[in-house]
Chemist: 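Let me begin by handing over the structure; questions about it come next.
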Amino acid sequence: SDSVKGAESSGYVYSIIETAKANQIDPYKYLCFVFKNMPGSDYIRNREVIENLMPWSRQAQENVSKEDRDHSSFCADHDLFLLILQHPFT
């Protein structure tokens with residue numbers, strides 16, 4: 001990264017990806033799960049929302065696994081996914 005802020009942001013993303021892997025969750029599917037469930041939630045004031053989005057949470061484990069069983073397109077809107085990655089939550 002070309003800046004301290006960029007390096008910090010990259011570190012956050014790498015940490016999330018590695019934590020998903022450590023919890024036997026596909027990182028791409030996990031990020032799709034987060035990007036589908038985090039917008040519009042009250043994650044700033046309600047810590048439980050964030051806890052339920054963590055890769056070790058029962059909600060994340062069940063939802064990502066459910067998509068695997070359904071063989072459905074987990075992140076059907078690839079362009080939206082890329083847009084979210086370019087403009088992370090603040």
Chemist: Taking all atoms of both residues into account, what is the closest heavy-atom pair of Val34 and Leu53, and its distance?
Modeler: CG2-O, 4.0 Å
Chemist: Linking I/L/V/M/F/W/Y whenever any side-chain heavy atoms sit under 4.5 Å apart, do Ile44 and Tyr12 land together?
Modeler: no
Chemist: I want to check something: taking the side chain as every heavy atom from C-beta on, are Thr19 and Tyr30 in contact at a cut-off of under 4.5 Å?
Modeler: no
Chemist: Could I get the full list of side-chain contact (heavy atoms from CB on, under 4.5 Å) partners for Ser57, not counting sequence neighbours?
Modeler: Gln59, Ala60
Chemist: What closest approach, in Å, do Gln61 and Asn23 show between heavy atoms, and which atom pair accounts for it?
Modeler: NE2-O, 3.2 Å
Chemist: For Arg47, enumerate each residue passing the salt bridge (Lys or Arg N to Asp or Glu O under 4.0 Å) test, keeping only those at least two apart in sequence or located in another chain.
Modeler: Glu51
Chemist: Test your reading of the model: is there a side-chain donor-acceptor pair from Asp26 to the backbone of Tyr28, 3.5 Å cut-off?
Modeler: yes
Chemist: CZ of Phe33 to CG of Asn52: how many Å apart, nearest 0.5 Å?
Modeler: 7.5 Å
Chemist: I need the minimum non-hydrogen distance between Pro55 and Ala20, along with the two atoms involved.
Modeler: CB-CA, 3.9 Å
Chemist: Not counting sequence neighbours, list each pair that qualifies as a salt bridge (charged side-chain N to carboxylate O under 4.0 Å, His left out) and has a residue in residues 13-23.
Modeler: Glu18-Lys21
Chemist: So does Met38 get a backbone contact from the side chain of Ser41, meaning a donor-acceptor N/O pair under 3.5 Å?
Modeler: yes
